[in-house]
Amino acid sequence: LSGCVTSTFAPVDELPYGRATITDLLVSASPLYSYREQTGFNFERRANLRRSASLPDTLCDILTGSSFRSDTYLWSPGDTLMRRAFRLVSNNSDVEEAGMEFQRLTSAPDSGYVVGADTVQRGQVWIVQTTGRKFAKIFIRDVVVTVEDVQREAYVLRTEVTFDWVYQPNGTRSFVP
């Protein structure tokens, strides 16, 4: 399982930005057994990280997954499962307009954050509070959910979310360099 990342170390007068793809692969052999592989993203490192038992959850700022109903979600494991880390800023079906809204977004709101980002769709703009309590804005470019090998109660569910991101490493809510 691999994730793609395009990371740019911006000049001093710009904030770090890039494009990343995070993935979730859920293999269910029966109602009692399933196996999951996830590749998340860490904004400070500007890198995809494969989530595993040996990798502390605090290293992934953002992970994805889907339910069998194909509802895609984002979550941040962080230091507690109840941390409010996501704020939907825009939900625009016109992807070009959503991209412009992403570019115009200059700061993270003070309130309105939720534990997880439910029903993630192409064209949405979200604010993410990282596990290090810093802020990033993301623009959802693409969401792909595939279900394979459905036989009785066994299946393979694969989720990929591709997003553009801008990270504010100094801890402020401003996305203006």
Side-chain angles (χ1 to χ4, degrees), residues 3 5 7 15-24 26 36-53 55-93 95 98-145 157 159-177:
V5 64
S7 181
L15 297 176
Y17 65 93
R19 181 172 293 166
T21 298
I22 56 178
T23 61
D24 178 56
L26 176 63
R36 172 166 259 147
E37 289 183 12
Q38 292 177 302
T39 301
F41 190 76
N42 180 288
F43 292 101
E44 186 172 353
R45 293 179 180 207
R46 299 158 181 83
N48 283 94
L49 298 173
R50 186 172 178 179
R51 186 169 184 245
S52 67
L55 179 71
D57 270 352
T58 55
L59 291 182
C60 288
D61 290 319
I62 186 171
L63 292 160
T64 190
S66 289
S67 68
F68 196 65
R69 297 183 326 263
S70 298
D71 293 333
T72 300
Y73 56 85
L74 300 175
W75 64 288
S76 179
D79 53 357
T80 173
L81 293 176
M82 300 310 290
R83 190 169 64 83
R84 296 178 184 274
F86 295 91
R87 171 72 154 59
L88 180 63
V89 176
S90 174
N91 189 9
N92 196 325
S93 60
V95 176
M100 290 188 283
E101 290 173 5
F102 173 75
Q103 293 299 325
R104 290 190 299 260
L105 181 62
T106 60
S107 65
D110 291 335
S111 62
Y113 291 82
V114 296
V115 173
D118 292 334
T119 317
V120 172
Q121 300 171 1
R122 186 173 184 235
Q124 291 178 332
V125 177
W126 291 86
I127 297 293
V128 179
Q129 185 181 33
T130 70
T131 55
R133 303 299 194 262
K134 296 177 182 174
F135 291 90
K137 63 179 180 176
I138 64 172
F139 165 51
I140 307 296
R141 287 217 164 258
D142 202 16
V143 176
V144 178
V145 178
L157 182 64
T159 306
E160 293 182 0
V161 176
T162 301
F163 58 90
D164 290 349
W165 58 271
V166 175
Y167 172 64
Q168 177 47 276
N170 72 10
T172 68
R173 295 177 182 275
S174 175
F175 295 112
V176 178

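FYI, the numbering just counts along the sequence from 1. Here the structure is a predicted model, which means the values were calculated and not measured.
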With V145 as partner, the option from L157, D24, D71 fulfilling side chain to side chain contact (heavy atoms under 4.5 Å, CB included) is L157
Applying side-chain hydrogen bond (donor to acceptor under 3.5 Å, both in side chains) to T159 and not counting sequence neighbours gives S66
Practice problem: Determine, step by step, whether I138 and L74 satisfy the side chain to side chain contact (heavy atoms under 4.5 Å, CB included) criterion, reporting the C-alpha distance in whole Å, the side-chain angles of both residues, the deciding distance to 0.1 Å, and the verdict. | Solution: CA-CA 11 Å; I138 64 172; L74 300 175; 3.9 Å; yes
L49 and R51, any side-chain heavy atoms less than 4.5 Å apart
no
| message | Between N48 (side chain only) and T21 (backbone N and O only), is there a donor and an acceptor less than 3.5 Å apart? | response | yes
So side-chain hydrogen bond (donor to acceptor under 3.5 Å, both in side chains) across residues 100-111, not counting sequence neighbours, yields S90-E101, N92-E101, E97-R104, D110-R173
- side chain to side chain contact (heavy atoms under 4.5 Å, CB included) assessment of V161 paired with I62: CA-CA 11 Å; V161 176; I62 186 171; over 6 Å; no
Q.
Does the plane of the ring in F163 sit parallel, tilted or perpendicular to the ring in F43? Use 30° and 60° as the thresholds.
A. tilted
The side-chain hydrogen bond (donor to acceptor under 3.5 Å, both in side chains) partners of R141 (sequence neighbours excluded) come to D164
Is a side-chain donor or acceptor of K137 paired with a backbone partner of V125 at a separation under 3.5 angstrom? no
Scanning both residues in full, the closest heavy-atom pair of G132 with D61 reads N-OD1, 4.5 Å
Inset, instruction - Return yes if some donor-acceptor pair links the side-chain N/O of T64 with the main-chain N/O of Y73 below 3.5 Å, else return no. - result: yes
_Ring centers of W165, F41 separated by less than 6.0 Å_ = yes
Here the pair of heavy atoms bringing Q129 nearest to S76 is O-OG, 4.5 Å
On a heavy-atom basis, the closest approach of E160 and T23 is CG-CG2, 3.7 Å
One should read off an interatomic distance between N91 CG and I140 CD1, to the nearest 0.5 angstrom, of 10.5 Å
Here the pair of heavy atoms bringing F139 nearest to A98 is CE1-CB, 3.5 Å
For a side chain to side chain contact (heavy atoms under 4.5 Å, CB included) check, start with the C-alpha distance between L63 and I22, then their side-chain angles and the critical distance, and finish with the verdict.
CA-CA 7 Å; L63 292 160; I22 56 178; 5.6 Å; no
Separation between OH (Y167) and CZ (R46), nearest 0.5 Å, reads 7.0 Å
Correct closest heavy-atom pair for A108 and F175 would be N-CE1, 3.8 Å
Here the gap from Q121 atom CD to L88 atom CG, rounded to the nearest 0.5 Å, amounts to 9.5 Å
Discussion item. Apply side chain to side chain contact (heavy atoms under 4.5 Å, CB included) to residues F86 and V128 and explain how you reach the verdict.
Written reply: CA-CA 5 Å; F86 295 91; V128 179; 3.8 Å; yes
Between I127 and Y113, the two heavy atoms sitting closest are CG2-OH, 3.4 Å
d(R45 CZ, C60 SG) to nearest 0.5 Å is 9.5 Å
